[in-house]
Amino acid sequence: MMTETNAVDTDGASPATFEESLAELEALVDRLEREDLTLEESLAAYARGVTLTRACQTALETAEHRIRILTEPSVDAPLEPFSTDD
């Protein structure tokens with residue numbers, strides 16, 4: 001079972017965390033920009049990049065959802081008067 005902070009990949013080939021996925025994606029882009037790759041290597045790198053991008057997007061969406069949950073007022077939370085310190 002993967003935790004919410006882990007990157008998600010259906011084939012299990014993604015690094016475990018968002019940070020690892022992002023670092024691998026950055027390295028992959030760097031490799032594509034500076035090396036002369038064959039068509040097959042380029043296609044494989046592109047496919048890997050898509051997988052990593054999806055994993056990062058899923059992790060970001062999960063984090064955003066968690067933030068929304070934490071910042072939304074709870075219906076059970078007691079109301080507190082708003083006061084300003086002038």
Side-chain angles (χ1 to χ4, degrees):
M1 182 173 145
M2 298 184 101
T3 65
E4 291 175 323
T5 58
N6 288 351
V8 176
D9 184 14
T10 56
D11 67 9
S14 266
T17 66
F18 171 80
E19 291 79 9
E20 291 171 341
S21 294
L22 188 58
E24 184 179 342
L25 184 57
E26 289 171 346
L28 185 61
V29 169
D30 186 48
R31 179 175 175 231
L32 285 167
E33 289 177 343
R34 69 169 200 272
E35 291 184 24
D36 243 355
L37 302 176
T38 66
L39 178 59
E40 288 302 315
E41 291 170 329
S42 296
L43 289 172
Y46 179 81
R48 181 66 179 155
V50 169
T51 298
L52 292 167
T53 299
R54 288 180 180 156
C56 288
Q57 185 64 38
T58 299
L60 289 172
E61 288 169 356
T62 299
E64 182 180 11
H65 179 71
R66 291 177 68 194
I67 289 170
R68 263 194 247 119
I69 289 171
L70 293 171
T71 58
E72 287 180 359
S74 171
V75 292
D76 298 331
L79 297 177
E80 296 180 20
F82 179 77
S83 64
T84 58
D85 296 314
D86 291 331

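- Residue R66 holds its CZ atom at 12.5 Å from OG1 of T71, rounded to the nearest 0.5 Å.
- Distance check, rounded to the nearest 0.5 Å: CZ of R48 to OG1 of T53 gives 10.5 Å.
- Classification of E35 and R31 as a salt-bridged pair holds, one side-chain N sitting under 4.0 Å from a carboxylate O.
- Among all heavy-atom pairs drawn from S42 and L37, the shortest one is OG-CB, 3.5 Å.
- A continuous path of Ile, Leu, Val, Met, Phe, Trp and Tyr side chains, each step under 4.5 Å between heavy atoms, connects L60 with L22, placing both in one hydrophobic cluster.
- Once rounded to the nearest 0.5 Å, the distance linking CG of L52 with CZ of F18 reads 11.0 Å.
- Between E64 and R68, some side-chain heavy-atom pair lies under the 4.5 Å cut-off.
- Between L28 and A45, the closest heavy-atom pair is CD2-O, 3.1 Å.
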